Amino acid sequence: MSGPLDYQWEEERYTDGSKWRFLEHKGPVFAPPYEPLPSKVKFYYDGKPMKLSAPAEEVATFFAKMLDHEYTTKDIFRKNFYKDWRREMMSEEKSKISDLNKCDFTEMSDYFKAQSEARKQMSKEEKLKNKEENERVLQEYGFCMMDNHKERIGNFRIEPPGLFRGRGDHPKMGMLKRRIRPEDIIINCSKDSKHPKPPQGTRWKEVRHDNKVTWLVSWTENIQGSIKYIMLNPSSRIKGEKDWQKYETARRLKKCVDRIRGQYRDDWKSKEMRIRQRAVALYFIDKLALRAGNEKEEGETADTVGCCSLRVEHIKLYPEMDGQEFVVEFDFLGKDSIRYYNKIPVEKRVFKNLQLFLENKQSEDDLFDRLNTSILNKHLQELMDGLTAKVFRTYNASITLQQQLKELTSPEENIPAKILSYNRANRAVAILCNHQRAPPKTFEKSMQNLQTKIDAKKDQLSDARRELKSAKADAKVRKDEKTKKAVETKKKAVQRIEEQLMKLEVQATDREENKQIALGTSKLNYLDPRISVAWCKKWDVPIEKIYNKTQREKFAWAIDMADEDFAF
DNA sequence: AAAGTAACTTAGGAACTGAAGT
DNA sequence: ACTTCAGTTCCTAAGTTACTTT
């Protein structure tokens, strides 16, 4: 495969840390301005209709749009919302409205529901018109020129204002995420490019020309005070090369992982506490694919942890459990407040060390009190150039996929069965990395539907078999060409139906096993795509069965590069 | 060495879309 | 033509890491 969209992946690598020479783009697309509600849609305070000023009304609509969500009933959400809402009110509104519980947003809420219903009911022509308009905006703002390539931009739309909803038990849920204006925006582009124009009558906060970074646009968000960026799409050269580099680092780890494992096992015996802690933490990161675990500012975010920030309360030690010795039980909330629960037997030395680390501590104390991510990563850097905690996740994920594919793929199986094997290998990785999802709301139903199809297919199969049988009997008696041919046709039909049935059954298995597991994250971020490309080539599985269009674009470099002999 | 800043990757769920089923 | 559902895309929060400042 080669064409104008292909990259020569090794072209122009800058050695001075610069990321590009030329960068030209049109700037961001702003959120549409607020449209006041029609006057017939009323807000009620204490049972009486009340006309709100535009700024107060806008914030009220944010709340109204979320009314069906459980979190609008949560104290923290309501408290944060109410506080920020009041800041947008005029002084009379402030004095009139003194209790959120007396606010009635239901008319607003119903209005928005009706609106979205109306949007669904739009005529074909209107839908087409919308689609064309979106396409036009995409063509105008969705691409940029970076060096000699036209590249797709990832997120060229500025995040619209609304109420912040963090994940898990977030102390800031319900706060107002304010509208971003041109005056908040920093533009990054090259000096010699045509600079993006701010909307009529406005100006950018700043235009800079920093080619040491990859972003095109940035602004500071008001909830956490962090910076948000507009960057390129994963299909871009700059992202692709970085991704490739990531997997090359993981492959370098493969070469020295035995040495490193030997080293941390030795360190379990160190006379220095900090070294023992470092070594046990690294063992967890390696064996369980835990995240590094930076410390977080209390009260600013949900209370989640990773390896280095584990607390006493997150593990339990069992000298003996279910016939196994030295079992550690983990139970904590990780990234995105996803629960990590695992019971694993560990080596005696690890167990003894953990007991030591727990001595004289309260449940809310740090398990590894002499360790943090910075110390750990500094140590890792000394063990291998470019090594950090997250490289272990990448390495263990990719090596697991490769091993599992080898183990699970049977040469004689057909393509659907091979794909099931692939998904099972993928699943092993997702389980390792604890990539969970909420069971889809329609899960039970969709399983049922599939079962119905399977039953129907089974009926169809027995019918076809019966027909085949009678055709055979017929052929035995008549012995002419016509009946012989009929037998062949029926045979084919049976075969085809068997295959279809098998495909459905495989699909059901796959879906059932996937109920609470998300494969996408590992596929997109942890698995060296060359492993999958090589596997597809080896077993003649079309790459389209494994990667959809977007994924093929993201992994173009790997599809280009890997042959069937590729080994991670 | 602790805290703060910046840039970038990783993450799950919501919204959207288009194809299959009725 | 209309609905339903699965797959895809969008959205943006939440991490990691390197670097700078105090």
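So that the names make sense, note that chain A is the first sequence line, chain B the second, and so on, each numbered from 1. Model, not experiment: these values are computed from the prediction.
Residues meeting the side chain to side chain contact (heavy atoms under 4.5 Å, CB included) test with A:Asn514, sequence neighbours left out: A:Arg427, A:Arg437, A:Ile517, A:Leu519. Partners of A:Phe392 according to the ring-ring contact (aromatic ring centres under 6.0 Å, His included) rule, which considers only residues two or more places apart in sequence or in another chain, do not exist here. Remark: A:Phe62 engages no residue in a ring-ring contact (aromatic ring centres under 6.0 Å, His included) (not counting sequence neighbours). When the side chain to side chain contact (heavy atoms under 4.5 Å, CB included) test is applied to A:Ser374, the partners found at least two apart in sequence or on another chain are A:Asn372, A:Lys378. A:Phe63 pairs by the ring-ring contact (aromatic ring centres under 6.0 Å, His included) definition with A:Phe81, A:Phe105, not counting sequence neighbours. Partners of A:Ala456 under the side chain to side chain contact (heavy atoms under 4.5 Å, CB included) rule, at least two apart in sequence or in another chain, do not exist in this structure. For A:Asn188, the side chain to side chain contact (heavy atoms under 4.5 Å, CB included) test picks out A:Trp20, A:Arg208, A:Asp210, A:Val213, A:Trp215, with sequence neighbours left out.
Salt bridge status for A:Arg237 with A:Asp147: present, with a side-chain N to carboxylate O gap under 4.0 Å.
Within the structure, ring pair (Phe, Tyr, Trp, His ring centres under 6.0 Å) pairs that include any residue of residues 161-185 of chain A comprise A:Phe164-A:His170 (at least two apart or interchain). For residues 416-440 of chain A, the ring pair (Phe, Tyr, Trp, His ring centres under 6.0 Å) pairs, not counting sequence neighbours, are A:Tyr422-A:Trp535, A:His435-A:Tyr526.
Within 4.0 Å of A:Lys549, counting heavy atoms only, lies no atom of the nucleic acid at all.
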Output one line per pair: protein atom, nucleotide atom from nucleotides 3-5 of chain B, and distance, for all N/O pairs under 3.5 Å.
none

Report task. Using a 4.0 Å heavy-atom cut-off, write out nucleotides 13-22 of chain C from 5' to 3' as B (base contacted by protein), S (sugar-phosphate only) or - (no contact). Result -> SBSBBS----

Report summary line: 5' to 3', nucleotides 17-22 of chain B under a 4.0 Å protein heavy-atom cut-off (B base, S sugar-phosphate only, - none) gives -S----

